[in-house]
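Here the structure comes first, spelled out in structure tokens, and everything after it is commentary.
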Amino acid sequence: MAKTQLGARVDTEIAELARKRAADRGMSVGDYLAQLVVDDVSGLRAKAMDAAQRFLSEHQALFDEAEHGTRRDGQAA
């Protein structure tokens with residue numbers, strides 16, 4: 001597939017996050033950004049976000065307990 005060069009201006013922090021995340025995945029920044037677009041267009045990102053939201057909704061009490069150091073029965077963890 002032919003490649004086209006794009007240019008975009010982003011905050012320095014965003015650029016650094018993109019570089020780090022791409023490196024974590026063993027990808028170039030261009031390939032990483034391309035994968036994000038493909039995931040978004042295919043609906044994969046939305047499905048993952050929905051699944052994460054369902055998980056948090058179902059298990060929020062456990063996260064609250066861990067954050068506040070209490071158990072469900074009100075006792076200290």
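Because the structure is a prediction, the values reported are computed rather than measured. Basis for what follows: all heavy atoms, side chains included, without hydrogens, waters or symmetry-related copies.
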Spacing of CZ belonging to Arg21 relative to CG belonging to Leu33, to within rounding of 0.5 Å: 12.5 Å
Inter-residue atom distance Thr12.OG1 - Leu17.CG, 0.5 Å rounding: 11.0 Å
Considering all heavy atoms, the nearest Ser28-Ala22 contact: O-CB, 3.7 Å
Salt-bridge contact Lys47-Asp39 (side-chain N to carboxylate O under 4.0 Å): no
Min side-chain heavy-atom separation Glu65-Leu62 under 4.5 Å: yes
Rounded distance (nearest 0.5 Å) linking atom CG of Leu44 with atom CD of Gln35: 8.0 Å
Closest contact, heavy atoms only, Ala18 versus Tyr32: O-CD2, 4.0 Å
Centroid-centroid distance, His59 to Phe63, less than 6.0 Å: no
Nearest-0.5 Å distance, CD of residue Glu16 to CD of residue Glu13: 9.5 Å
